[in-house]
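Letters A, B, ... mirror the listed sequences (proteins, then strands); counts begin at 1.
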There are 2 protein chains.
Amino acid sequence: MILSTKGRYGLKAAFELSKNYGFGPVPLKKVSEKYGISESYLEQLFAKLKKSGYIDTVRGPQGGYLLAKPPEEITVGMILRTLEGEITTSDCLSKEVCSRESICATRVIFEKIEKSINDVIDNITLADMYEEQKNILLEGKNEQEALS
Amino acid sequence: MILSTKGRYGLKAAFELSKNYGFGPVPLKKVSEKYGISESYLEQLFAKLKKSGYIDTVRGPQGGYLLAKPPEEITVGMILRTLEGEITTSDCLSKEVCSRESICATRVIFEKIEKSINDVIDNITLADMYEEQKNILLEGKNEQEALS
DNA sequence: GCAATCCCTACTATTTCAGTAGGGTATACT
DNA sequence: AGTATACCCTACTGAAATAGTAGGGATTGC
């Protein structure tokens with residue numbers, strides 16, 4: 001599996017916050033219950049996202065988590081990299097350990113794989129996800145459930 | 001890291017065999033020394049590739065490993081999947097555990113990531129890698145080293 | 001003041017990774 | 001027939017990552 005639960009849960013949770021963007025903070029409990037994710041585990045994921053500046057928090061009653069920027073400015077890549085680390089395929093791409101880099105045919109393959117992933121995740125924002133979900137649901141004629 | 005040493009070593013090793021395609025078997029020791037990979041570890045990777053039908057073996061002196069098919073017929077995806085397992089991003093894509101599949105926005109993202117990876121690895125053969133390496137080296141005017 | 005909420009650190013069981021170890025079997029060559 | 005070369009196979013292992021759990025502490029709205 002390319003992505004661990006960190007990235008998968010984290011993206012779902014971030015998307016949840018983006019749906020509530022402009023309507024105040026969402027408490028952790030609500031998100032964890034909705035997606036069936038352990039509260040404490042999700043808390044750790046949110047802590048990382050906060051540290052990276054993608055979400056803010058409000059403490060006390062009526063508090064919770066909220067996006068620190070509009071959904072248009074947060075990409076899937078930002079979320080996944082924060083939680084999963086840099087998306088790499090091989091040491092020799094990031095570090096200078098490959099002594100024969102000019103002739104390494106596998107290196108080219110690894111670069112292509114990395115590039116294809118990064119092209120996807122860096123060009124989809126949370127706002128795009130929302131739009132896409134709306135479209136899917138309009139087709140399915142199930143808008144009620146879709147935007148819940 | 002998306003790929004473990006299994007996939008990375010395995011692809012390098014398979015490429016090595018492809019360069020020798022038509023010239024008889026290559027002993028394990030030669031490959032492991034050339035790439036600095038543990039002999040016993042590489043042996044286990046070759047065992048999997050053999051089980052999948054991508055390589056053959058010849059025992060005894062002058063024996064070794066060789067591709068079971070022409071390099072044109074072996075894709076990077078075949079090698080990587082054999083060694084790393086299916087390239088997936090999320091449970092809900094392969095199994096039927098996602099109860100709300102029609103409305104899951106993250107599911108769409110995961111599908112796109114998977115597709116982009118599979119598009120790359122399923123459309124590059126070992127023969128393509130060889131061609132690419134030749135081109136790189138012609139540009140670098142270092143053909144001698146390149147095809148070694 | 002108290003309940004709801006986030007904050008922070010430490011612990012843990014399980015699995016995967018990246019090998020190591022050590023024997024066994026087939027076969028080309030002499 | 002013997003021997004060295006090579007593949008074959010299984011089991012073991014230290015280290016790290018995964019996917020949480022546990023439990024207390026600090027804010028703050030009401």
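- Nucleic acid contact for B:Phe46: none, since no nucleic acid atom lies under 4.0 Å from a heavy atom of the residue.
- When rounded to the nearest whole Å, the span between CG of B:Leu83 and P of C:dC17 equals 11 Å.
- A side chain to side chain donor-acceptor pair (under 3.5 Å) with B:Tyr35 holds for exactly one of B:Lys12, B:Arg8, B:Glu16; it is B:Glu16.
- Side chain of B:Ser40, nearest nucleotide from C:dA18, C:dG22, C:dC8: C:dG22.
- In this structure, B:Leu3 atom CG and C:dT16 atom P are separated by 17 Å, rounded to whole Å.
- Mapping A:Ser38 and A:Glu84 onto DNA chain D by nearest heavy atom places A:Glu84 at the nucleotide closer to the 5' end.
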#### Entry: Base versus backbone protein contacts along nucleotides 25-30 of chain C [heavy-atom cut-off under 4.0 Å; B, S, -]
BBBBS-

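- When all heavy atoms of A:Phe46 and A:Leu28 are compared, the closest pair comes out as CD1-CD1, 3.5 Å.
- Following rounding to the nearest Å, A:Leu42 (CG) and C:dC7 (P) show an atom-to-atom distance of 12 Å.
- Ion pairing between a basic and an acidic side chain is recognised when a charged N comes within 4.0 Å of a carboxylate O; B:Arg107 and A:Glu132 show no such pairing.
- Side-chain N/O atoms of B:Thr125 and B:Asp128 include a donor and acceptor closer than 3.5 Å.
- With a heavy-atom cut-off of 4.0 Å to chain A, the contacted part of DNA chain D has its first and last nucleotide at D:dT18 to D:dC30.
- The residue among A:Glu39 and B:Val26 whose nearest nucleotide of DNA chain D is located toward the 5' end is B:Val26.
- Atom pair B:Leu45:CG and C:dT20:P shows a separation of 12 Å (rounding to whole Å applied).
- Rounded to a whole Å, the OH atom of A:Tyr65 is 12 Å from the P atom of C:dT5.
- What separates CD1 of A:Ile2 from P of C:dT16 is a distance of 15 Å, to the nearest Å.
- Between B:Thr88 and B:Glu114, the side chains place no donor N or O within less than 3.5 Å of an acceptor N or O (distance only, hydrogens not considered).
- With hydrogens and angles ignored, the 3.5 Å screen pairs a side-chain donor or acceptor of B:Asn20 with a backbone N or O of B:Gly24.
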### Message
Could you go through A:Asp122 and A:Arg81, starting from their C-alpha distance and side-chain angles, then the distance that decides it, and tell me whether this counts as salt bridge (Lys or Arg N to Asp or Glu O under 4.0 Å)?
### Response
CA-CA 10 Å; A:Asp122 289 332; A:Arg81 276 193 206 91; 2.9 Å; yes

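- For C:dC7, the OP1/OP2 oxygens have a side-chain nitrogen or oxygen of A:Thr57 closer than 4.0 Å.
- Across all strands shown, A:Ser4 has heavy atoms under 4.0 Å from sugar-phosphate atoms exclusively, and none from any base.
- Within the 4.0 angstrom heavy-atom criterion, no nucleotide atom of any strand lies near A:Lys29.
- A:Glu72 places no side-chain N or O within donor-acceptor distance of the main-chain N or O of A:Ala127, the cut-off being under 3.5 Å.
- Side-chain atoms of A:Tyr41 and A:Thr5 form a donor-acceptor pair, as typed in the model, at a separation below 3.5 Å.
- Residue B:Tyr9 places no side-chain N or O under 4.0 Å from the OP1 or OP2 atom of C:dA18.
- Look at CD1 on B:Ile37: it is 12 Å from P on C:dA18, rounded to the nearest Å.
- Within the nucleic acid shown, B:Lys50 comes within 4.0 Å of sugar-phosphate atoms alone, with no base atom in reach, counting heavy atoms only.
- A donor-acceptor pair is defined here as one N or O able to donate and one able to accept, closer than 3.5 Å; no such pair exists between the side chain of B:Ser52 and the backbone of B:Tyr54.
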